[in-house]
Amino acid sequence: MSENVVHLHNAPDGPASRPVPLWVRSGHAVKAAVTHERTRLVGRAVVRHGLYTFNGGRIVARRAWDGRTGARYERMIRAAEAAGNLEAAEEWEERLSRFRAARHHRRMDLLHSPVDAAKGVAVGAGMSIGVLVALGVVLAVNSGEVRDVVTPLSATIDFIALLIRIVQIVWGPAVTIGPFLVLLALWAVGRQQQAAPHWALPADVRSGEGEPITPSIVVKALRDLGIPGLRNAIKEMGDAGASMLGPITIAGCGVEVDVTLPSGVSTIEVQNRRRKLAENLTRHEHEVFITIPQAARTVRLWIADSGALDEPIGPSPLVTDDTLTADYAKGKAPWGEDLRGDAAALSLYQRHLLITGLSNQGKTAALRALALWLALDRTVEFRIADLKGAGDWAMFDGLATVLIQGPTDDHVIEATEMIEDGVSEMERRLQAPPGTTFPPLILLVDEAQVAFMCPLVDADKRPYGGSKATSRYFMAARKIHNQGRAVNVLLWQGTQDPTDQNLPKLVREGAHTRASLALGTESQARMALGDKAVDGGAAPNLLRPGLDKGTVVVASDGIAIPAGQSSITVRTHYIDTETATEVAERAKRMRDGVTTLRVIDRGEDRDPLADIASVFGESPRLVTQDVLKRLTALNEDAYGRWTFADLRRVLDGTGAEPYKSDGRMVVARERLTRALANRNGDDSASAS
C-alpha cells in the first residue's frame, strides 16, 4: 500500500470507505489557507501599499513632467475641443505659446550662465577676501598684534572645513536612508490619492457610505460607466475631465450637477446605466436621479446623501395648521416635498387628474390628501366612488353628495351612473348663458381599473367596462375629459398597474395632471406619465416597491417643475385614516351640512351569502373583521349592525365557515365560491 494514501479504518464498505489521497487533503488545506479572511486581508494590504508607492511615483513623475513641459496645456486644449468650446481652446493655446516662449528664454539664458556664474564667483570671492582682510586690519590696529590681520580669514577657512566634515559624517547615513525616505514620500502621495484598485482599499473606504460628492468622484463614476466614447474622451482630458461638470450645488437632502457630455455620447446611454452610475458614486440606485435639461448633450444628476431618502418627511400642513383653508381657483394643495427638500404644492384648478401605481404603495393616501385639502373650500362638491370598499373614503360621509364604497359589479354600475350624471350636469352647464359661473364638481373614482374591466352589459347590450365606443364608463369619462374643465366638472381617477386593458389610452391621456407611484416596468411608466415625461428622465418603475411608499413622479403644469424638465419627484405627506377623519370633520364644520347618498337604491333584496362573496375582490381570504367592515360599506342599512355572530350564522353549514389562521379568524373566498356554486346547483335541481 502506498504511503501517500491515508486509510479510513473501521469504516463500512462503499464509497465513503475509499482512501483519501494525501495530495487531496493537502490541496484542501492550501485552498482553505488561501481563501481565509486573514490571508485575503494580508494580500489586499500588500497589494495596496505596494501600489501606493508605485502609483505615487507615477503621480510625482507626471507632476514633474507637467511642470517642465506643456502637457497640462495640451490636455486643456483637448478637453475644450472635446466639449466644443473653441474659445477656451484658443485661450489655452495662447497660454501654451507664452509658456513655450518663456521656456525658450530660460534655456537661452543657460548658455551664458556658466561664464556669468564664474565671473560672479570670482568677483564675490575677491570681495569677500577683501572684506575679511579689512576686518583683520581693524582687529590688528585695535589689538596691536600683526597676526590678527589673518584671523578672520583663518576663522572662515576653519568654518568651511567644519561644514565639509559634517557633510562627510552625514553623507553615508543619508545615502543609506535617502531611498527609504523617497519611497515613504511616494507612498504618502499614493495613499493621499487612494492610488490602488478599489478591491484592495480598506473596508471603510470601499463602502464609501456618506462619501461627499466631489468633481473627481463624478468624473471617475462617468469614466467607469462602460461607455467607450465617454471613457476615451475623459482619458484624453486627463485631470481636466471636470470641465464637463457644472457647479455642484446643494439641493435639499443631496446635491445636483449638470454634466455636458462629449461629442458622440448620447444622454440615453447615461440614463440606461443609472444603476451602475449610482454604484460608482457609492450610492443606491434609488438615490440617483437622471433628468434631461434644455441644454444639448447634457444630463442633470441629483445625488442624495446616503440614506437620506429613507428618512420620513414632516407632517402635512393639513395636520399641523387647524386654521388652514383651501382655494380651488387660486390655491395649491400642500402635497409634500420635492427631492431638494422644498415644499411641493399642486394646483387643482380645472385639471383632470390621474394617479396610478402598484398595489399598496400609498396611491389612495396620496389622492385622498388632495381631496382633503380641497374639501376645505366649502364651494367644492364631491361625488366619490371607492371601488375597493375598504373604508378609505368613509370620512367623506357628510362631505360628498354621493359616496359609493364596494368592489362588486353593482358598485361599478353605480359608479358608471355617477359619472354619467356628471356628464349630464356638464352638458347643462355648457348650455347655460355665457358668463355663468359654476361651483367645482369633483367626480372621484378610486380603483378605476375595476370599472374598466367590468364584464357586465346593460339591457341595451352596452358594456359598462372596456374601451370601445359602446362602453358606458369609458365614454362618460371621455366626455368629461373633452369638455368638463370649461365648466369646472373634473374627473379624478386612481388605478393600479396601468395597461391598455384597465386604463385605455384615450382616458389616461385626457388627464392634465398625471402622477405615478412605484411601477413594475418602463412600459407601465409610459402609460402612466406619457412618453415625453419618461424620455425626459421620469422613472417611477425605478422606485422601490414597499420602500418608496408615497413617493410620486408628477407630470403636470400645476406644479413647479425645474426648467428643462418634464416631471418632478415628490415625497407626499402621509395622512392616516384617523387623522384624515379629523381633517374631514373640520371641513364639515365649514359647510351647512351635506346629505350623502351612500348606496343607490335598486329595489333589490339582499343575498347575504352573495354579498359576502362580493366584498372579497381579488383577496384569497379576509379577516372576519374586514368582512364586516366591507359589508357595512356595501350596505350600511342591511349590515351596519352585524356582529361576528351574524356572519357565522350565515356561513354555518355552507362549508365556508370562518376558521383560524395565524391566530386570527378568517374567511376563504374559494370556500365561499364553492358554497355558492353548490347552493345554485341545489336550487336548479329542486326547480327541475
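None of the values given here were measured: they were computed from a predicted structure.
With values rounded to the nearest 0.5 angstrom, L503 atom CG is found 7.0 Å from Q493 atom CD. Summarising the geometry, atom CD belonging to Q405 is positioned 10.5 Å from atom CG belonging to D446; distances are rounded to the nearest 0.5 Å. The OG1 atom of T495 sits 9.5 Å away from the CE atom of M453 when rounded to the nearest 0.5 Å. How far CD1 of I480 is from CD of E425: 10.5 Å, rounded to the nearest 0.5 Å. The structure places CE of M475 at 13.5 Å from OG1 of T416, a figure rounded to the nearest 0.5 Å. Put simply, CG on L353 and CG on L346 are 7.0 Å apart, with the number rounded to the nearest 0.5 Å.
In this structure, a donor-acceptor pair under 3.5 Å is present between the side chains of S347 and R351. One side chain, S556 or T513, offers a donor N or O that lies under 3.5 Å from an acceptor on the other. Counting only N and O atoms by type, the side chains of R478 and N482 include a donor and acceptor under 3.5 Å apart. Side-chain contact of E522 with Q524: a donor-acceptor pair under 3.5 Å is absent, judged by distance alone. A donor atom on one side chain and an acceptor atom on the other are not found under 3.5 Å apart for S471 and R462. Remark: the N541 side chain and the T521 side chain contain no N/O donor-acceptor pair separated by less than 3.5 Å. In summary, the side chains of T379 and D377 do present a donor paired with an acceptor at a separation below 3.5 Å, with no hydrogens or angles considered.
Distance alone, capped at 3.5 Å, is enough to place a donor-acceptor pair between the T401 side chain and the F382 backbone. Here the side chain of R526 pairs no donor or acceptor atom with the backbone of K532 at under 3.5 angstrom. Between the side chain of N502 and the main chain of D497, a donor-acceptor pair closer than 3.5 Å is present. Between the E287 side chain and the H284 main chain, a donor and an acceptor come within less than 3.5 Å of each other. E657 places a side-chain N or O within donor-acceptor distance of the main-chain N or O of G653, the cut-off being under 3.5 Å. At least one donor-acceptor pair under 3.5 Å links the side chain of T632 to the backbone N or O of L628.
Between D626 and R630, none of the side-chain N atoms (NZ, or NE/NH1/NH2) sits under 4.0 Å from a carboxylate O, so this pair counts as no salt bridge. We find that R283 and E279 are not joined by a salt bridge, their nearest charged nitrogen and carboxylate oxygen being 4.0 Å or further apart. Under the 4.0 Å criterion applied to side-chain N and carboxylate O atoms, R429 and E427 are not assigned as salt-bridge partners. A salt bridge is absent between D500 and K505; no separation between the charged side-chain nitrogens and carboxylate oxygens falls under 4.0 Å. Using a 4.0 Å cut-off between charged nitrogen and carboxylate oxygen, E285 and R275 count as a salt-bridge pair.
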Show, in sequence, the C-alpha distance, side-chain angles and deciding distance for D421 and S424, and conclude whether the side-chain hydrogen bond (donor to acceptor under 3.5 Å, both in side chains) test is met. CA-CA 5 Å; D421 289 342; S424 299; 5.1 Å; no
Determine whether Y328 and N488 satisfy the following criterion, side-chain hydrogen bond (donor to acceptor under 3.5 Å, both in side chains), listing intermediate values before the conclusion. CA-CA 10 Å; Y328 163 74; N488 287 329; 2.9 Å; yes
Applying salt bridge (Lys or Arg N to Asp or Glu O under 4.0 Å) to R586 and E582, what does each step give before you reach the verdict? CA-CA 7 Å; R586 294 204 328 252; E582 296 175 1; over 6 Å; no
For the pair V412 and Y473, evaluate side chain to side chain contact (heavy atoms under 4.5 Å, CB included) and give the outcome as yes or no after the intermediate values. CA-CA 9 Å; V412 172; Y473 184 89; 5.9 Å; no
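When the salt bridge (charged side-chain N to carboxylate O under 4.0 Å, His left out) test is applied to D342, no partner is found at least two apart in sequence or on another chain. D548 is linked by a side chain to side chain contact (heavy atoms under 4.5 Å, CB included) to H286, L543, R544, T551, counting only residues two or more places apart in sequence or in another chain.
Between G362 and L517, the shortest heavy-atom contact is C-CD2, 3.9 Å. Residues P334 and P317 come closest through the heavy atom pair CB-CG, 3.8 Å. The two residues L519 and G357 have their closest heavy-atom pair at CD2-CA, 3.6 Å. Contact record, D409 with C454: OD1-SG, 3.8 Å, taken as the closest heavy-atom pair. For the residue pair A344 and I559, the shortest heavy atom distance occurs at CB-CD1, 4.1 Å.
By the 4.5 Å heavy-atom criterion applied to side chains, Q625 and K629 are counted as neighbours. Two residues are said to be in side-chain contact when any heavy atoms from C-beta on lie closer than 4.5 Å; L609 and L672 meet this criterion. Between W393 and L444, some side-chain heavy-atom pair lies under the 4.5 Å cut-off. Proximity of R671 to Y659: side-chain heavy atoms (C-beta onward) are separated by under 4.5 Å at one or more points. Using a 4.5 Å heavy-atom cutoff, the side chains of R669 and R621 are not in contact. Residues F289 and L542 fail the side-chain proximity criterion, which asks for heavy atoms closer than 4.5 Å.
Between Y639 and W642, the angle of the ring planes goes over 60°, which puts this pair in the perpendicular group of the 30/60° scheme. Ring geometry, H512 versus H352: the interplanar angle falls under 30°, so the pair is classed parallel (tilted spans 30 to 60°).
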